[in-house]
Q: 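Quick one: the structure is below, questions incoming.
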Amino acid sequence: MAGKLETTRIEDASRWDAFVSESPQGSVFSSSAWLDAAATAQGGAPVRLGVLADGFLIGGAGFVEVRKGPLRKATTPVLTPSGGFLYAPFTGTKPTEGESRNAAAAGAMIEYLTPRYGYIFLSHDPRAADVREFLWRGFSSTVRYTYVLDIREPDRVWDRMERRVRTVVRNAESSLSLDGPISVGEFGKLYERTYRDRDNTPPLPRSQVEAFTQGILVAGLGEMRTVRDASGEPVAAMVFAFDRRSAYALVSGTIPSRNPSGASSLLFWDAVRRYGGGRERLDLVGANLRNIAFFKKGFGGTLTPYFVTERYGSSTTRALFSLYTRLRKAFL
């Protein structure tokens, strides 16, 4: 790898998006349009950070910069399963050279980030398997899981599904109907009911989910699908994001008492048929809680790990961010 590395913000959105589209780790979640929508919903600024070697982008990271008084953090946006560090394709014949190039790019980005942000939280694409530079530079790392379905041949997905899930889907098809989007406000109510009906607090404020959903749909980065009962009432809705290679079951809302109807299972099967053939994979987005993992396992996907890395600038910074989070939750 020749030349001195330069780490800088990429202001040219088209240049960044071309890099994302070519990167093996690239997805809709790192695109300029996604970062813009996320920043608007989260109340931050989108950042496209690149590492250049002889003027060529060899690595980068897209995130949202959020400021709260003296606190500043760089974070993978809410409702964004992964993003993190991306690398340009390696075309050489020696894998060790590609590994060294990526490590140098990661090191340069980390050196840029650490003095500027009191808290750094990045969720990396499953195809970014090497996070050692983070560990060697004082970050902590956590492994998370999702299930990914190969949807190039939808009929094969049906064959791989567990019998219990096929039965649920067949029953749902006989009593429920699939439909297009409901209003963002209606979706927000369903999202909130998913938790409130069980006496739980939603992980994100309804207003934030609505704002992000609106941004995703307006930008053409995804679509909403719903399931209605015989009376026409929406009992479940799901927002799917997509890029040219993959579709993602991003966020959903349901009426918990209607879960036995199989509405959520029907939405997943509808996504297989809707996106299958034209795209390679459907990411069910998250399998980290036991009951959710059991539900999604039944669709026959591949259990796929990915890494989250984070770093606090100091123990004082950690305490301040923790205090801010507690206060924010208290006034939701």
Side-chain angles (χ1 to χ4, degrees), residues 27-29 31 34 37-38 76-83 123 125-126 144-152 154 157-158 160-162 165-166 168-169 172 176 178-182 184 187-188 190-191 194-195 202-204 209-210 212-213 215-217 219-227 234-256 258-259 261-289 291-306:
S27 72
V28 64
F29 303 128
S31 68
W34 188 275
T76 296
V78 297
L79 288 181
T80 302
S82 60
S123 179
D125 186 274
R144 294 184 179 179
Y145 295 91
T146 185
Y147 281 104
V148 177
L149 305 181
D150 182 338
I151 58 173
R152 288 173 292 183
V157 178
W158 181 263
R160 290 194 297 266
M161 285 165 54
E162 293 182 5
V165 178
R166 291 200 297 264
V168 169
V169 170
L176 303 171
L178 291 157
D179 200 2
I182 53 179
V184 169
F187 178 76
L190 276 177
Y191 163 80
T194 305
Y195 302 92
L204 294 173
V209 172
E210 291 177 354
F212 203 176
T213 297
I216 292 167
L217 299 179
L221 304 173
E223 66 175 351
M224 186 191 301
R225 297 287 288 167
T226 58
V227 171
V235 295
M238 192 171 293
V239 175
F240 294 90
F242 42 67
D243 50 42
R244 62 186 178 86
R245 290 181 285 198
S246 305
Y248 307 85
L250 189 65
V251 60
S252 63
T254 63
I255 300 174
R258 304 297 300 276
N259 282 348
S261 69
S264 295
S265 297
L266 183 57
L267 283 168
F268 279 142
W269 175 235
D270 175 60
V272 170
R273 293 180 297 185
R274 193 171 183 81
Y275 305 120
R279 292 182 172 86
E280 299 172 7
R281 34 199 309 273
L282 172 64
D283 189 333
L284 301 187
V285 182
N288 299 294
L289 300 177
N291 60 332
I292 292 175
F294 176 77
F295 169 64
K296 293 181 178 179
K297 178 177 72 73
F299 290 87
T302 300
L303 182 63
T304 304
Y306 61 100

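For reference, positions follow the sequence shown, starting with 1.
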Q: As a test of understanding, state which of Ile216, Leu79, Val78, Thr194 forms a side chain to side chain contact (heavy atoms under 4.5 Å, CB included) with Val251.
A: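 The residue from Ile216, Leu79, Val78, Thr194 that satisfies side chain to side chain contact (heavy atoms under 4.5 Å, CB included) with Val251 turns out to be Leu79.
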Q: Rounded to the nearest 0.5 Å, what separation is found between the CE atom of Met161 and the CG atom of Leu149?
A: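 Here the interatomic distance stands at 9.0 Å.
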Q: I'd like to know if the side chain of Lys296 reaches the main chain of Val285, judged simply by a donor and an acceptor atom lying under 3.5 Å from each other, with no hydrogens or angles considered.
A: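 A pair under 3.5 Å: yes.
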Q: My understanding is that only residues two or more places apart in sequence, or in another chain, count here; which of them pass side chain to side chain donor-acceptor pair (under 3.5 Å) with Arg225?
A: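 Checked Arg225 against side chain to side chain donor-acceptor pair (under 3.5 Å); matches are Asp270.
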Q: Which value, rounded to the nearest 0.5 Å, describes the distance between Ser246 atom OG and Phe240 atom CZ?
A: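 Here the rounded value is 14.0 Å.
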Q: Which value, rounded to the nearest 0.5 Å, describes the distance between Arg281 atom CZ and Arg152 atom CZ?
A: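 The CZ atom of Arg152 is 10.5 Å from CZ of Arg281, to the nearest 0.5 Å.
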Q: Partners of Tyr191 by ring-ring contact (aromatic ring centres under 6.0 Å, His included), sequence neighbours excluded?
A: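 Partners of Tyr191 under the ring-ring contact (aromatic ring centres under 6.0 Å, His included) test: Tyr195.
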Q: Excluding sequence neighbours, so at least two apart, what forms salt bridge (Lys or Arg N to Asp or Glu O under 4.0 Å) with Asp243?
A: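 Partners of Asp243 by the salt bridge (Lys or Arg N to Asp or Glu O under 4.0 Å) criterion come out as none, since no residue qualifies.
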Q: In chain order, what residues pass the salt bridge (Lys or Arg N to Asp or Glu O under 4.0 Å) check against Glu280, with sequence neighbours excluded?
A: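 Scan of Glu280 (salt bridge (Lys or Arg N to Asp or Glu O under 4.0 Å), adjacent residues dropped) gives none.
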Q: If we ignore hydrogens and angles and just use 3.5 Å, is the side chain of Thr226 paired with the main-chain N or O of Gly180 as donor and acceptor?
A: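 Answer holds: yes.
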Q: State, to 0.1 Å, how close Val168 and Gly262 come at their nearest heavy-atom pair, and which atoms those are.
A: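 Heavy-atom minimum between the residues: CG1-CA, 3.6 Å.
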Q: Using the side-chain contact (heavy atoms from CB on, under 4.5 Å) criterion, which residues pair with Arg160? Sequence neighbours excluded.
A: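 Arg160 satisfies side-chain contact (heavy atoms from CB on, under 4.5 Å) with Asp150, Arg156, Val157 once adjacent residues are dropped.
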Q: For Trp269, check side chain to side chain donor-acceptor pair (under 3.5 Å) against everything at least two apart and list the hits.
A: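 Applying side chain to side chain donor-acceptor pair (under 3.5 Å) to Trp269 gives none.
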Q: Counting only N and O atoms by type, is there a donor-acceptor contact under 3.5 Å from the side chain of Arg279 to the main-chain atoms of Ile151?
A: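 Looks like no, no N/O pair under 3.5 Å.
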Q: Would you mind reporting whether Ile255 and Pro234 have side-chain heavy atoms less than 4.5 Å apart?
A: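 Counting from C-beta outward, Pro234 and Ile255 never come under 4.5 Å.
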Q: Who pairs with Pro77 by side-chain contact (heavy atoms from CB on, under 4.5 Å), at least two apart in sequence or on another chain?
A: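 With sequence neighbours excluded, Pro77 shows a side-chain contact (heavy atoms from CB on, under 4.5 Å) to Leu35, Ala38, Gln42, Val64, Thr80, given in chain and number order.
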Q: Could you pull out all residues at least two apart from Leu217 that satisfy side-chain contact (heavy atoms from CB on, under 4.5 Å)?
A: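 Applying side-chain contact (heavy atoms from CB on, under 4.5 Å) to Leu217 gives Val184, Thr213, Met224.
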Q: How are the rings of Tyr275 and Phe242 set relative to one another: parallel (under 30°), tilted (30 to 60°) or perpendicular (over 60°)?
A: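 If you compare the ring of Tyr275 with that of Phe242, the planes turn out tilted.
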Q: Scan residues 245-256 for pairs that pass salt bridge (Lys or Arg N to Asp or Glu O under 4.0 Å), counting only residues two or more places apart or in two chains.
A: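 Those involving residues 245-256 do not exist here.
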Q: Residues in side-chain contact (heavy atoms from CB on, under 4.5 Å) with Ala263, at least two apart?
A: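 Applying side-chain contact (heavy atoms from CB on, under 4.5 Å) to Ala263 gives Leu176, Val227, Val235, Ala236, Ser261.
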Q: Less than 4.5 Å apart, side chain to side chain, heavy atoms only: is that true for Thr254 and Ser264?
A: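 Side-chain contact under 4.5 Å: yes.
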Q: Does the side chain of Phe29 reach to within under 4.5 Å of the side chain of Thr76, using non-hydrogen atoms?
A: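 Of all side-chain heavy-atom pairs linking Thr76 with Phe29, none is under 4.5 Å.
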Q: Taking ring-ring contact (aromatic ring centres under 6.0 Å, His included) as the definition, give me every residue that meets it alongside Phe268, ordered by chain and number, with sequence neighbours left out.
A: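 Applying ring-ring contact (aromatic ring centres under 6.0 Å, His included) to Phe268 gives Phe295, Phe299.
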Q: With rounding to the nearest 0.5 Å, note down the distance linking OG1 in Thr304 to OH in Tyr145.
A: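 Nearest 0.5 Å value for the OG1-OH distance: 10.5 Å.
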Q: For Arg274, enumerate each residue passing the salt bridge (Lys or Arg N to Asp or Glu O under 4.0 Å) test, keeping only those at least two apart in sequence or located in another chain.
A: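 With neighbours one apart ignored, the set is Glu223.
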Q: When rounded to the nearest 0.5 angstrom, what distance separates CG in Asp283 from OH in Tyr306?
A: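 Taking CG in Asp283 and OH in Tyr306, the distance rounds to 8.0 Å.
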Q: Looking at every non-hydrogen atom in both residues, tell me the closest pair between Trp34 and Ala241 and how far apart they are.
A: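 So the minimum-distance heavy-atom pair works out to CZ3-CB, 3.8 Å.
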Q: Mind checking whether Arg273 and Leu178 have side chains closer than 4.5 Å, heavy atoms only?
A: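 Yes, side chains in contact.
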